[in-house]
Amino acid sequence: MATVDPGLLEDLQSRGLVSQTSGGDALNDYLAGGSRTLYSGFDPTADSLHIGHLVPLLALKRFQRAGHKPIALVGGATGLVGDPSFKAQERKLNTPDIVSGWADKLKGQVSRFVDFDCGETSAEVVNNLDWVGQMSVLDFLRDVGKHFAVNNMISKESVRQRIEREGEGISFTEFTYMLLQSLDFAELYHRYDCTLQIGGSDQWGNITGGIDLTRRLHGGQVYGLTLPLVTKADGTKFGKTESGTVWLDPAKTSPYAFYQFWLGTADADVYKFLRYFTFLSLEEIERIEGEDRERQGRPQAQSVLAREMTRLIHGDGGLVAAERITEALFSHDLSSLGGEDLEQLKLDGLPFSVLERASLGGEPLTQLLVDAGMAGSGKQVKDALGREAVVINGVARGADDNLRVSECFAAEAALFGRFFICRLGKKKYHLFEVR
RNA sequence: GCAGGGGUUCCCGAGUGGCCAAAGGGAUCAGACUGUAAAUCUGACGCGCAAGCUUCGGAGGUUCGAAUCCUCCCCCCUGCACCA
């Protein structure tokens, strides 16, 4: 019999990770009273999870560590329908084969977070398509739909703006989403004795729907807990960078870029994020915060956060690579890099491209850097050039250099005869190899 | 189907014949200041190094000139009707 940590809920609360719970104090007693099975769902809306999924994903792990059994549900079925919760507009449907491909990928990613080999509390990964896929419409309408009151559904906060807002609407399909998710909970209760669902706070309506349905269908008492939506102090959206979403898939967001993302966390957010995302103890986090307050200048918290997160998602190897690149670039000391190091940076995921010496000069620097992905348009490069914010192998380039590409990449200026490290602005780096 | 209201550059949202590549805000990028932070200030922000080119749901038309006017079409919203 696994022993459970009775302080789990309290720890979650102290970390600010509890947004809402059902059942009041009963949940705490229930969790402390024995090993329970819980689940959280992840819909395949892309071919990878992103950092917005981390809070619930890590919460599953927290529960498992505390002696409970986690189930990660991949929404092969729900992903075909689309969750309307707090979404401003109706979403476009993806084809079944795309969704099922994405579902497979998510399964792999989700699996890395929880332990599948720890006896009674071993994790499970399930796909709701397995029970929804074969269900007939009539069964669904009679067995599930009958338990939901439209009046009640319409009054949910999560769909309110879709119903009230001028210029938008909600299709029956999306409106039905809540029923599907509710069915998942009832089904997992039935199959695995799963009695707790966790999810982002935007999932509250869907979770309570599942609690009600489970009671009606199986007479079971189940619980819900929601986690906060991650917000930033400056009000901008969490998890986005200039180049878009921060993904967990290293092929989509390199460990280096991932590390840099966390390193750039604002002071106003960083201690909260340490509590949200890391497994460091609260005492440890308070210690870090205290030390940072004492010292002048740059806090250590961002580095700790970046290290912890990169190791968690990309392992020690990913962390080493990320730190290697960071050290090499931000020390602004290119001379410390050997030829081997530069080759390694390519492998480590520093943005890299090859240029042919023969074709240098065929296009302006603006075009070249845009092609390399360093800027979205030539205008941005031009702006940077005008401020001497483009630096190639330590030499700042200006507007006059735009058409002098072969000078910028002159053979005698190359590192080890072929490498050029180009910096645009303060943080964007690209490695060119001229052949 | 009928009636009414809409579709503007990433988002919100002005613009109703030339002064419009299109106000304003947000987001984003760059610079200064810093700590690869925040706040603040400055610049950029359809594409193009440039000459210039392409936009305001789509296709035509009127006009010297259209995001703005006309015709047809597509899509969204609201209400009504139909659902023998």
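All values below were derived from every heavy atom in this structure, side-chain atoms included, with hydrogens, water molecules and symmetry-related copies excluded. Keep in mind it's a predicted model, so treat the numbers as computed, not measured. Just so we're on the same page: letters track the sequence lines, and every chain starts at 1.
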Exercise. May I have the step-by-step check of ring-ring contact (aromatic ring centres under 6.0 Å, His included) for F432(A) and F352(A), ending in yes or no?
Key: CA-CA 6 Å; F432(A) 289 100; F352(A) 167 76; 8.5 Å; no
Exercise. Indicate, with a heavy-atom threshold strictly under 4.0 Å, whether K382(A) touches base, sugar-phosphate, or nothing.
Key: sugar-phosphate
Exercise. Quick one: label A389(A) by what it contacts on the DNA or RNA (base, sugar-phosphate, nothing), any heavy atom closer than 4.0 Å.
Key: sugar-phosphate
Exercise. Would you classify K232(A) as touching base, sugar-phosphate or nothing, given that sugar-phosphate means primed atoms plus P, OP1 and OP2, and contacts are heavy atoms under 4.0 Å?
Key: nothing
Quiz item: Base, sugar-phosphate alone, or nothing: which one does Q260(A) contact when heavy atoms must sit under 4.0 Å apart?
Solution: base
Quiz item: Under 4.0 Å: is that the gap between some side-chain N or O of T366(A) and OP1 or OP2 of C49(B)?
Solution: yes
Quiz prompt | G35(B) base / D267(A) side chain donor-acceptor hit below 3.5 Å | solution = yes
Practice problem: Using the P atoms only, state how far A59(B) lies from A67(B), rounded to an integer number of Å. | Solution: 13 Å
Quiz prompt | K426(A) (side chain) and U34(B) (base): donor-acceptor pair under 3.5 Å | solution = yes
Quiz prompt | Pairwise distance CZ(F185(A)) to CG(L73(A)) - rounded to 0.5 angstrom | solution = 11.5 Å
Exercise. Looking at every strand, decide which applies to D234(A) at a 4.0 Å heavy-atom threshold: base, sugar-phosphate, or nothing.
Key: sugar-phosphate
Practice problem: Indicate whether the side chain of Q302(A) and that of T265(A) have a donor and an acceptor atom separated by less than 3.5 Å. | Solution: no
Quiz item: Does OP1 or OP2 of A37(B) have a side-chain N or O of R298(A) closer than 4.0 Å?
Solution: no
Self-check item: Sugar-phosphate, base or nothing in reach of Q302(A), heavy atoms under 4.0 Å
Solution: base
Quiz prompt | P gap between U9(B) and G15(B), integer Å | solution = 16 Å
Quiz item: Does a donor on one side chain and an acceptor on the other come within less than 3.5 Å for T45(A) and D43(A)?
Solution: no
